[in-house]
Amino acid sequence: MLPNALPARSARRLRLQVMRGRVGLGLVAALSVLAGMTDAIGLLALGDFVSFMSGNTTRLAVAISEADLALVLRLSGAVLGFVAGNALGVLLAHGLRRRAWPVLLVVAALLAFAAAWPLPATFPALLAATLAMGMINAVVEQVNGLPIGLTYVTGALSRFGRGLGRWLLGERRNGWRVQLVPWAGMLLGAALGAWLQQHLGLQALAGSCALACVLALISRFIPRSWQRGYMPR
């Protein structure tokens with residue numbers, strides 16, 4: 001073996017790892033935009049969060065204390081729908097050998113159903129949207145070993161804050177700064193979703209559906225080995 005073969009191979013492996021990380025973070029940012037956009041539309045058009053289950057859990061506790069049975073049932077259904085969506089996303093991804101695009105197409109179909117829901121009783125639309133938001137968490141679970149949350153940012157901000165604290169103590173471990181990516185994506189997406197909802201109402205979820213379709217198409221061009229590294233095992 002040539003003397004420079006191992007260093008060249010190591011350099012190539014490092015470049016691929018960096019590229020895989022950048023592509024993964026780009027996908028995280030786009031999926032967080034989708035989550036924030038859908039959550040804002042759901043909150044404004046349906047009156048409930050569709051991805052922020054911490055907020056729905058607090059509202060559920062308040063509804064229980066006030067003995068508001070209708071709201072208890074509605075919020076319980078939203079939370080259970082989100083949990084079921086996460087489970088279904090993992091099962092679908094596993095059954096399709098960890099391919100992202102089929103999961104995203106199912107997400108798009110659920111959002112299209114919610115956008116087209118014609119009746120005043122909005123629970124079916126809420127359930128479809130929470131299922132969709134649960135499912136997208138199966139598309140990216142980690143990037144180069146760093147845990148990533150897509151539809152919630154409390155954990156990301158907590159990891160960022162703890163990383164900042166360790167950095168101030170002199171620790172120079174990398175990775176904590178990337179936790180701002182899902183937060184920024186969700187913030188941008190929520191602003192876009194609020195603007196769309198003001199003009200289109202619940203039908204603004206068609207925009208979320210379109211974005212999910214675009215991401216499904218883009219994911220077809222991401223190498224399979226990289227996708228397998230992003231998705232749950």
Side-chain angles (χ1 to χ4, degrees), residues 17 19-42 49-53 81-115 127-156 159 175 178-190 192-193 205 207-233:
Q17 183 178 9
M19 182 62 69
R20 182 174 64 240
R22 289 176 177 173
V23 170
L25 287 178
L27 186 58
V28 165
L31 290 167
S32 297
V33 168
L34 173 61
M37 180 177 170
T38 307
D39 204 32
I41 295 169
F49 296 108
V50 297
S51 74
F52 180 49
M53 292 301 121
F82 183 79
V83 172
N86 276 271
L88 289 172
V90 170
L91 291 173
L92 183 59
H94 184 268
L96 295 167
R97 295 186 297 173
R98 283 188 281 173
R99 289 184 174 92
W101 67 267
V103 178
L104 288 168
L105 287 182
V106 174
V107 167
L110 288 167
L111 292 172
F113 172 85
L127 184 59
T130 54
L131 280 168
M133 290 300 95
M135 289 187 72
I136 68 169
N137 287 290
V139 177
V140 178
E141 189 174 68
Q142 63 176 4
V143 176
N144 286 352
L146 296 173
I148 295 290
L150 298 176
T151 59
Y152 47 91
V153 293
T154 303
R159 285 188 288 268
V178 304
Q179 300 297 335
L180 285 182
V181 172
W183 176 81
M186 182 161 279
L187 180 66
L188 175 62
L192 176 59
L205 285 176
S208 295
C209 171
L211 178 55
C213 290
V214 170
L215 293 178
L217 178 61
I218 291 173
S219 71
R220 293 292 303 270
F221 297 95
I222 299 175
R224 282 289 311 285
S225 61
W226 294 10
Q227 291 187 48
R228 291 171 68 88
Y230 301 148
M231 301 180 81
R233 297 186 183 279

For this session: Using atom types as modelled and distance alone, determine if a side-chain donor or acceptor of D39 lies under 3.5 Å from a backbone N or O of S51.
Result: yes
Seminar exercise, completed: In short, side-chain hydrogen bond (donor to acceptor under 3.5 Å, both in side chains) pairs touching residues 19-34 with sequence neighbours left out are R20-N144
Exercise. Got a sec, which residues hit side-chain hydrogen bond (donor to acceptor under 3.5 Å, both in side chains) with S208, two or more places apart in sequence or on another chain?
Worked result: T38
Problem set entry | N86 and V90: CA distance, side-chain angles, deciding distance, side chain to side chain contact (heavy atoms under 4.5 Å, CB included) verdict | CA-CA 6 Å; N86 276 271; V90 170; 5.9 Å; no
Problem set entry | Minimal non-hydrogen separation, W226 against V23, with atom names | CZ3-CG2, 3.7 Å
For this session: Identify, with sequence neighbours excluded, every residue that meets ring-ring contact (aromatic ring centres under 6.0 Å, His included) alongside F82.
Result: none
Problem set entry | Working for side chain to side chain contact (heavy atoms under 4.5 Å, CB included), residues V83 and M53 | CA-CA 10 Å; V83 172; M53 292 301 121; over 6 Å; no
Seminar exercise, completed: For M133 and A35, the nearest pair of non-hydrogen atoms, with its separation, is SD-CA, 3.7 Å
Seminar exercise, completed: Applying side-chain contact (heavy atoms from CB on, under 4.5 Å) to V140 and not counting sequence neighbours gives L27, V28, L31, V143, L150, Y230
Exercise. At what distance, to the nearest 0.5 angstrom, does CZ of F52 lie from OG1 of T130?
Worked result: 15.5 Å
For this session: Identify the heavy atoms of C209 and A112 that sit nearest to each other, and give their distance.
Result: SG-CB, 3.8 Å
For this session: Under the side-chain contact (heavy atoms from CB on, under 4.5 Å) rule, collect the residues that match up with A115, sequence neighbours excluded.
Result: L205, A206
Please output the side-chain donor-acceptor pairs of residues 101-111 that fall under 3.5 Å, not counting sequence neighbours, one pair per line with the distance.
none

For this session: Using side-chain contact (heavy atoms from CB on, under 4.5 Å) as the criterion, list what pairs up with L211, not counting sequence neighbours.
Result: V33, L34, M37, L215
Exercise. Taking all atoms of both residues into account, what is the closest heavy-atom pair of G193 and I41, and its distance?
Worked result: O-CG1, 3.3 Å
